[in-house]
A.B. asks: 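Structure in structure tokens, see below.
Just so it is clear, the structure is predicted and the values come from calculations on it, not from any experiment. We count ligands from 1, going down the list as the structure has it; atoms in each ligand are counted the same way.
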Amino acid sequence: MRESRIIVVGSLNMDMVVQADRIPNPGETVLGGTFFMSTGGKGANQAVAAARLGGNAAMIGKIGRDIFGSRYLQAIQEEGIDIQGIEQDSEEPSGIALVIVERSGENAIVVAPGANAGLRPEDVEQQFHRYPEGKILLLQLEIPMETVVFAAQQAKKRGMLVLLNPAPANDAVTSLFPLIDIITPNLHEAEQMTGVKITDIASAKCAAQYLSAKGVRHVVITLGELGAVLLDDGEFHHVPVPRVTALDTTAAGDVFNGALAAAIIQEKSLVDATAFACKAAAIAVTRLGAQSSIPYLHEVMQYQE
Ligand code: ADP
């Protein structure tokens, strides 16, 4: 097994996906199209993206000891991810996400966290020692906040780079700021964290400035088809994204984050890493599903606009 230099502490969910003309209103039933199941969860999606895009990844997390859990572990191991740190929980079911994808590519998702909610700081402590070679810790907010904080503290003690994708939005995230090297909110998360209404590149820069003033060294705000705005040691950059026809934007942010970690571990500058991540995520939105949509390194390298 190669050394795992990207450690992801996060969630694993089995996604149940239905395509529909539109997302139903409350109380309404809409007849959908195709149904499929796919491995998902922000943590695992980002681990798979990192692994496919040239980063050696290990994952620490919890999944149920049920049909979904066993099937899931096999799939993610086939990606070349070190799964020794994923525990199968006998008490709780695997995390599940119910996903509706509109024809426009827009989606609506409900997550039942199941075993993910039982990932404790003690579990992270127990598993972390497996990876003394870890260089980047990649975090999201689909596991308990105290576990996220603990993992970030451990990583800082070891001199690792801490990359936080603050998704889904959580008001308690500000307590983490002093531990974070790079934060990567999307537009909605950035608005919620800063109170700045983001309507264009200029307002995204204001939000990035706000987060930077709170003590986060590098801020990357993803803006869908507008790409990303980056505040890197006081300098702003706007990184555009290739123009594509979006089919399903599920996991675009996850692909972005896994790709960003993989590019940083390959010693790209943050601006170049962001451009690489934008390209990888743009390819992903042209395909259906979460992990099924994640491109491989050669696809990103060969991609022509
Ligand atoms: P999230 O998936 O978390 O909502 P975004 O919508 O900001 O995050 O998307 C993350 C990244 O995915 C963007 O920075 C961009 O690189 C890519 N992306 C998302 N939507 C599109 C789109 N319609 N066209 C091209 N790229 C996209």
A.B. asks: Just need the protein heavy atom nearest to atom 17 (C) of ligand 1, so name the residue and atom and give the distance.
C.D. replies: Ala281 CB, 3.5 Å
A.B. asks: Could you tell me which atoms of ligand 1, counted from 1 in the order shown, lie closer than 4.0 angstrom to a heavy atom of Cys278?
C.D. replies: 16 (O)
A.B. asks: Hydrogens and angles aside, do Asp15 and Ser38 bring a side-chain donor and acceptor to less than 3.5 Å of each other?
C.D. replies: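 On atom types as modelled, these side chains do not qualify, holding no pair under 3.5 Å.
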A.B. asks: At under 4.0 Å between heavy atoms, is it the side chain or the backbone of Leu187 that contacts ligand 1, or both, or neither?
C.D. replies: neither
A.B. asks: Between the candidates Pro168, Gly224, Pro185, which shows the shortest non-hydrogen contact distance to atom 19 (C) of ligand 1?
C.D. replies: Gly224
A.B. asks: Side chains of Gln192 and Asp171: is there a donor and an acceptor less than 3.5 Å apart?
C.D. replies: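 Yes, Asp171 and Gln192 have a side-chain donor paired with an acceptor closer than 3.5 Å.
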A.B. asks: If we set the cut-off at 4.0 Å for heavy atoms, which region of Val241 has an atom near ligand 1: side chain, backbone, both, or neither?
C.D. replies: side chain
A.B. asks: Applying a strict under-4.5 Å side-chain criterion to I, L, V, M, F, W and Y, I'd like to know whether Leu141 and Val255 cluster together.
C.D. replies: no
A.B. asks: Does a donor on one side chain sit under 3.5 Å from an acceptor on the other, for Ser104 and Glu102?
C.D. replies: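 Side chains of Ser104 and Glu102: pair found under 3.5 Å.
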A.B. asks: Should you measure from each heavy atom of Val244, which atoms of ligand 1 turn up under 4.0 Å away?
C.D. replies: 24 (N), 25 (C)
A.B. asks: Suppose we measure from atom 23 (N) of ligand 1 to each protein heavy atom; which comes out shortest, and what is that distance?
C.D. replies: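 Protein heavy atom at minimum distance: Glu225 CB, 3.7 Å.
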A.B. asks: Thr222 heavy atoms, cut-off 4.0 Å: which ligand 1 atoms fall inside?
C.D. replies: 5 (P), 7 (O), 8 (O), 10 (C), 14 (O)
A.B. asks: Please report which non-hydrogen protein atom sits nearest to atom 4 (O) of ligand 1, along with the residue it belongs to and the distance in Å to one decimal place.
C.D. replies: Asn186 ND2, 3.1 Å
A.B. asks: Between Gln154 and Glu125, is there a side-chain donor-acceptor contact under 3.5 Å, judged purely by atom types and distance?
C.D. replies: no
A.B. asks: Pairs of nitrogen or oxygen atoms closer than 3.5 Å, one from Ala228 and one from ligand 1: do any exist?
C.D. replies: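 Looking only at distances, the answer is no, because the N/O contact criterion of under 3.5 Å is not met.
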A.B. asks: Looking only at distances, can you tell me whether any N or O atom of Pro242, backbone or side chain, sits closer than 3.5 Å to an N or O atom of ligand 1?
C.D. replies: no
A.B. asks: Looking just at side-chain N and O atoms, do Thr250 and Asp248 make a donor-acceptor pair shorter than 3.5 Å?
C.D. replies: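 Checked: Thr250/Asp248 side chains pair up, N/O donor to acceptor below 3.5 Å.
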A.B. asks: Using side-chain contact (heavy atoms from CB on, under 4.5 Å) as the criterion, point out the one residue from Val148, Ile183, Val8 that pairs with Leu139.
C.D. replies: Val148
A.B. asks: Just need the protein heavy atom nearest to atom 14 (O) of ligand 1, so name the residue and atom and give the distance.
C.D. replies: Gly227 O, 3.0 Å
A.B. asks: Ignoring hydrogens and geometry, is there a side-chain-to-backbone donor-acceptor pair from Glu189 to Asn186 under 3.5 Å?
C.D. replies: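 Indeed, once roles are kept as given, a pair shorter than 3.5 Å links the two residues.
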A.B. asks: List the closest protein heavy-atom neighbour of atom 2 (O) of ligand 1: residue, atom name, distance to the nearest 0.1 Å.
C.D. replies: Gly253 N, 2.9 Å
A.B. asks: Please tell me whether Thr184 and Asn257 have a donor and an acceptor in their side chains that are separated by less than 3.5 angstrom.
C.D. replies: yes
